[in-house]
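Numbers restart at 1 for each chain; the letters A, B, ... are given by sequence-line order, proteins then strands. Owing to the predicted nature of the structure, the values given are computational and were not obtained by experimental measurement.
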Protein chains: 2
Amino acid sequence: MQSVCTVNRTVKYLGKKWMFLIILELYKGDGYTRRFTEVKERLPGITAKVLSARLKELEEEGLVEKHVEAGTVPVRSEYTLTASGLGLVEVIKDIKRWALRWKIENRACGAQDCHDCVL
Amino acid sequence: MQSVCTVNRTVKYLGKKWMFLIILELYKGDGYTRRFTEVKERLPGITAKVLSARLKELEEEGLVEKHVEAGTVPVRSEYTLTASGLGLVEVIKDIKRWALRWKIENRACGAQDCHDCVL
DNA sequence: CAGAATCCCCTCAGATACTG
DNA sequence: CAGTATCTGAGGGGATTCTG
């Protein structure tokens with residue numbers, strides 16, 4: 001039963017700020033793909049530093065694949081959700097279903113953390 | 001679609017250290033109930049301060065109910081998962097299913113964060 | 001365009017000591 | 001037993017500046 005460990009880890013990095021908002025942005029992209037700046041523009045308030053860090057974590061976890069188009073100037077890098085990443089989107093939907101069932105009456109959003117989504 | 005906000009919040013506090021391990025401990029208890037010290041003993045490494053803080057958050061979120069037995073000396077306080085909390089256990093199971101599917105080959109546990117569970 | 005490097009603040013969590 | 005109070009160190013994340 002040691003896989004709880006992975007669950008632990010998962011929840012730990014998912015809990016980081018912006019993380020799952022980024023995942024959802026990629027999810028909304030054509031072919032589950034978005035460019036760096038594209039994500040940045042769609043998540044008002046996020047800094048390049050944080051976005052960069054989160055994408056790197058997602059890449060290391062195998063949830064996202066990075067593709068750099070060589071030879072283009074300026075550089076174009078694209079990030080795509082992997083099958084594993086898509087699987088996680090389903091988990092997020094589960095969370096949302098739970099939240100809808102139990103949390104509707106909840107407090108209003110703090111503007112900074114709140115964005116629409118396609119779930 | 002503003003409920004993403006709640007999802008955001010959910011993942012944020014679930015991501016806190018020990019949080020979901022505590023939930024699982026309550027889940028394992030008789031009638032989904034455990035006493036403070038009981039949980040503490042079963043989660044080696046957790047401090048009273050953190051356990052206390054997490055339980056308070058869970059209570060505020062409506063995932064846990066606290067019952068203090070009046071008149072007993074010393075005091076006995078019990079924590080029980082609510083229906084909402086039980087619903088969240090199902091979500092954790094979803095996360096585990098996802099993890100099993102995509103993360104088995106994963107790195108070994110850092111002993112400190114790893115505990116068995118009943119999932 | 002897509003970051004990396006710095007600085008700085010703030011929260012989280014561990015350790016320790018104390019209490020009704 | 002079931003906490004609270006205080007101190008501390010590590011890490012997260014924002015703002016700003018710089019670069020291939």
Side-chain angles (χ1 to χ4, degrees), chain A residues 8-22 25-26 29 33-61 64-80 110-115, chain B residues 8-9 11-23 25-26 29 33-61 64-80 110-115:
Chain A
N8 223 359
R9 283 184 4 88
T10 302
V11 174
K12 190 86 186 179
Y13 68 75
L14 251 196
K16 291 194 177 183
K17 200 169 177 183
W18 299 106
M19 184 59 94
F20 97 100
L21 257 12
I22 294 169
E25 265 319 312
L26 298 180
T33 299
R34 286 249 142 107
R35 301 223 322 278
F36 185 89
T37 307
E38 212 174 351
V39 176
K40 190 168 180 322
E41 282 168 356
R42 286 161 177 272
L43 296 179
I46 197 173
T47 64
K49 175 192 167 189
V50 171
L51 177 54
S52 177
R54 289 299 100 86
L55 287 170
K56 190 166 293 175
E57 296 175 82
L58 288 172
E59 211 188 334
E60 285 165 1
E61 294 294 334
V64 160
E65 270 176 6
K66 180 180 180 179
H67 300 283
V68 183
E69 262 179 67
T72 59
V73 177
V75 184
R76 265 178 174 259
S77 57
E78 296 191 325
Y79 296 86
T80 307
Q112 195 152 4
D113 282 346
C114 185
H115 302 282
Chain B
N8 224 2
R9 282 186 1 94
V11 174
K12 190 87 187 178
Y13 69 74
L14 251 195
K16 292 195 176 182
K17 200 168 179 186
W18 300 106
M19 183 59 95
F20 98 100
L21 257 13
I22 294 168
I23 296 174
E25 266 319 311
L26 299 180
T33 299
R34 285 250 141 106
R35 301 223 320 279
F36 186 89
T37 306
E38 212 174 352
V39 175
K40 191 169 179 321
E41 282 168 356
R42 287 160 176 272
L43 296 179
I46 198 173
T47 62
K49 173 193 166 190
V50 171
L51 177 54
S52 175
R54 286 304 95 88
L55 287 170
K56 190 166 295 177
E57 296 175 81
L58 288 171
E59 211 189 334
E60 284 166 0
E61 294 295 332
V64 161
E65 269 176 7
K66 181 180 179 178
H67 299 283
V68 184
E69 262 179 68
T72 59
V73 178
V75 185
R76 269 180 172 258
S77 58
E78 295 189 324
Y79 296 87
T80 307
Q112 196 153 3
D113 283 346
C114 186
H115 303 280

Pair listing, salt bridge (Lys or Arg N to Asp or Glu O under 4.0 Å) test, anchored in residues 68-80 of chain A, at least two apart: none

salt_bridge(A:Glu25, A:Arg34) N-O dist < 4.0 Å: yes

Rounded distance (Å) that lies between atom P of C:dC12 and atom CD1 of B:Ile46: 15 Å

Nucleotide C:dC12, atom C1' - distance to CG of B:Leu14 in whole Å: 16 Å

Contacts of type side-chain hydrogen bond (donor to acceptor under 3.5 Å, both in side chains), residue B:Lys16, not counting sequence neighbours: B:Glu57

Every protein N/O within reach of nucleotides 7-13 of chain D N/O, cut-off under 3.5 Å:
unit_1, atom_1, unit_2, atom_2, d
D:dG12, OP1, A:Lys16, NZ, 3.3
D:dG13, OP1, A:Lys17, N, 2.7
D:dG13, OP2, A:Arg54, NH1, 2.8
D:dG13, OP2, A:Arg54, NH2, 2.7
D:dG13, N7, A:Lys49, NZ, 3.3

Position toward the 5' end of DNA chain C (nearest nucleotide), A:Ala53 or A:Pro74: A:Pro74

Length of the line joining B:Glu41:CD and D:dG3:C1', which is rounded to integer Å: 15 Å

Distance, nearest 0.5 Å, that separates CG of B:Leu26 from CZ of B:Arg42: 11.0 Å

Inter-axis angle, terminal five-pair segments of the helix from C:dC1-D:dG20 to C:dG20-D:dC1 [nearest 10°]: 50°

B:Thr33: side-chain hydrogen bond (donor to acceptor under 3.5 Å, both in side chains) partners, not counting sequence neighbours: B:Thr80

Distance in angstrom units between B:Lys56 NZ and C:dC12 C1', rounded: 16 Å

Residues which pass side chain to side chain contact (heavy atoms under 4.5 Å, CB included) with A:Lys56, listed by chain and number, not counting sequence neighbours: A:Glu60

Euclidean distance, atom CZ of residue B:Phe36 to atom P of D:dT4 [Å, nearest integer]: 8 Å

Set of side chain to side chain contact (heavy atoms under 4.5 Å, CB included) partners for B:Glu65, sequence neighbours left out: B:His67, B:Thr82

Proximity to the side chain of A:Ser52 - top-ranked nucleotide from C:dA2, C:dA4, D:dA2: C:dA4

Sugar-phosphate, base or nothing in reach of B:Tyr79, heavy atoms under 4.0 Å: sugar-phosphate

For A:Val50, all residues meeting side chain to side chain contact (heavy atoms under 4.5 Å, CB included), sequence neighbours excluded: A:Trp18, A:Ile46, A:Thr47, A:Arg54

B:Ser77 side chain near D:dC1 phosphate (N/O to OP1/OP2, under 4.0 Å): no

For atom CG of B:Leu43 and atom C1' of C:dG14, their distance in whole Å: 15 Å

Between P of D:dA2 and CD of B:Glu59, the distance in whole Å: 14 Å

Interatomic distance where CG belongs to A:Leu51 and C1' belongs to C:dA4 [whole Å]: 13 Å

With sequence neighbours excluded, residues passing side chain to side chain contact (heavy atoms under 4.5 Å, CB included) with B:Glu41: B:Thr37

Side-chain N,O (A:Arg35) to OP1/OP2 (C:dC1) below 4.0 Å: no

